[in-house]
Structure formats: C-alpha cells, structure tokens
Amino acid sequence: MLETDRNARAMGMTISNVVPGSAVVAITVRPEMLNGHAICHGGIIFMLADTAMAFASNAYGPVAVAAGASIEYLRPAKVGDRLNAVAIEAHRAGRNAIYDVSVTGTDGSVNAIFRGRTRIIADA
C-alpha cells in the first residue's frame, strides 16, 4: 500500500509493524509543516494518525476507508520532533471498525489522541 500512497511518501512517513488491526507510522516535523505559531500544524498530526489507521485497517486485505474521526491535541510538536502514531483496533464488527491512535513525540510524551472509524468498501 505504501508504494501507491503518494501522500505518505511525499510527507516522508515511515511505516513499520503493520499487522491486521495495528500499525506504526512515523514522521519527522520539518519547517514547512509548521503553522503561524511555529508549531506543527494540527492537520499534519491528523494526517499521520489517519495514515496509521489506514495501514492497520487495510492490512486485513479488503479495501477499508475512513468513515469518520476525531482528534484531541494535547501537546505541540516542533521542528525536528519525530512523531510516532500507533494505531490499535478497538472494535471490529462486519464491515466497520474503530481505531485508537496515540501520537507520541521524540521524548515519548503524548502529543495527540485520535479515534477513527473505518468501513470496508471492497473485497481484496
């Protein structure tokens, strides 16, 4: 999936430990990812968490897409910080699943907590 995910590649994301229902995705905050307050733009953090959910949900085989998500920003990230998003499946039933994603910084502190919902739209 990474080969066809132009966004993840363009953003410099690295994907590791992908198994059905779980994935770890990381990114290093670059200057162009900062907002007007000189901290990482929330959209970048959301995108990172959403990508972790995408890899975890699609590791089963059938095509799954995001059906909804929310995020709580707890701590800012700065240039040079390495952000790790760990997606864990919280619930799966039929074509629907819920994922919890924790985004942590270089020092291991939690920057954001994301909860997303996926839906299977096609068989593998």
Side-chain angles (χ1 to χ4, degrees):
M1 191 170 126
L2 181 58
E3 289 178 19
T4 59
D5 190 331
R6 292 181 184 192
N7 181 67
R9 288 190 353 249
M11 297 303 293
M13 293 184 195
T14 57
I15 290 88
S16 60
N17 301 328
V18 177
V19 297
S22 179
V24 178
V25 179
I27 195 169
T28 299
V29 178
R30 300 186 311 260
E32 62 271 21
M33 297 175 177
L34 301 183
N35 63 19
H37 301 293
I39 58 175
C40 185
H41 191 287
I44 299 292
I45 296 170
F46 189 99
M47 176 181 52
L48 175 66
D50 180 71
T51 301
M53 178 177 73
F55 276 85
S57 64
N58 281 281
Y60 286 101
V63 175
V65 296
S70 65
I71 193 165
E72 300 297 327
Y73 300 103
L74 306 173
R75 184 173 179 265
K78 301 187 187 252
V79 168
D81 285 351
R82 183 76 172 163
L83 298 177
N84 292 293
V86 179
I88 304 290
E89 189 174 81
H91 178 75
R92 185 176 193 81
R95 296 163 52 106
N96 302 295
I98 295 173
Y99 288 86
D100 290 323
V101 184
S102 178
V103 179
T104 58
T106 305
D107 62 1
S109 61
V110 179
N111 290 77
I113 296 173
F114 170 106
R115 175 162 265 202
R117 187 169 41 91
T118 63
R119 176 140 178 100
I120 294 171
I121 61 166
D123 293 332

If you take all heavy atoms of [X] and [Y], which pair is closest and at what distance?
| X | Y | answer |
| --- | --- | --- |
| G43 | Y73 | N-OH, 4.3 Å |
| V18 | A59 | CG1-CB, 3.8 Å |
| A66 | D50 | CB-OD1, 3.8 Å |

Discussion item. Run M11 and D5 through side chain to side chain contact (heavy atoms under 4.5 Å, CB included) and show every step you take.
Written reply: CA-CA 10 Å; M11 297 303 293; D5 190 331; over 6 Å; no
[X] versus [Y]: any side-chain heavy-atom pair under 4.5 Å?
| X | Y | answer |
| --- | --- | --- |
| K78 | V29 | no |
| M13 | F55 | no |
| R92 | I120 | yes |

Is it possible for you to say whether [X] and [Y] belong to one hydrophobic cluster, with membership spreading through side-chain heavy-atom contacts below 4.5 Å?
| X | Y | result |
| --- | --- | --- |
| Y60 | M1 | yes |
| I98 | F46 | no |
| I39 | M33 | no |
| L48 | V24 | no |
| V86 | Y99 | no |

Discussion item. Could you measure the distance from the CG atom of N111 to the CG atom of L74? Nearest 0.5 Å is fine.
Written reply: 8.0 Å
Worksheet item: What's the spacing between I45 CD1 and F114 CZ if we round to 0.5 Å?
Response: 12.5 Å
Worksheet item: Would you say the side-chain atoms of S57 pair up with the backbone N or O of M53, donor to acceptor, closer than 3.5 Å?
Response: yes
Discussion item. For the backbone of A87 and the side chain of S22, can you confirm whether one donor and one acceptor N or O come within less than 3.5 Å of each other?
Written reply: yes
Item to complete: Evaluate the criterion side chain to side chain contact (heavy atoms under 4.5 Å, CB included) for residue pair R95 and R119; output intermediate values, then yes/no.
Response: CA-CA 5 Å; R95 296 163 52 106; R119 176 140 178 100; 3.2 Å; yes
Worksheet item: Does CD in E32 sit with more than 12 non-hydrogen atoms of other residues, nucleotides or ligands closer than 6.0 Å?
Response: yes
Fill in: Chi angles and distances behind the side chain to side chain donor-acceptor pair (under 3.5 Å) call for T106, R82
CA-CA 5 Å; T106 305; R82 183 76 172 163; over 6 Å; no
Discussion item. Side chain to side chain contact (heavy atoms under 4.5 Å, CB included), that's the test. Do I113 and D100 meet it? Break it down for me.
Written reply: CA-CA 7 Å; I113 296 173; D100 290 323; 6.0 Å; no
Discussion item. Show, in sequence, the C-alpha distance, side-chain angles and deciding distance for D107 and R75, and conclude whether the side chain to side chain contact (heavy atoms under 4.5 Å, CB included) test is met.
Written reply: CA-CA 12 Å; D107 62 1; R75 184 173 179 265; 3.2 Å; yes
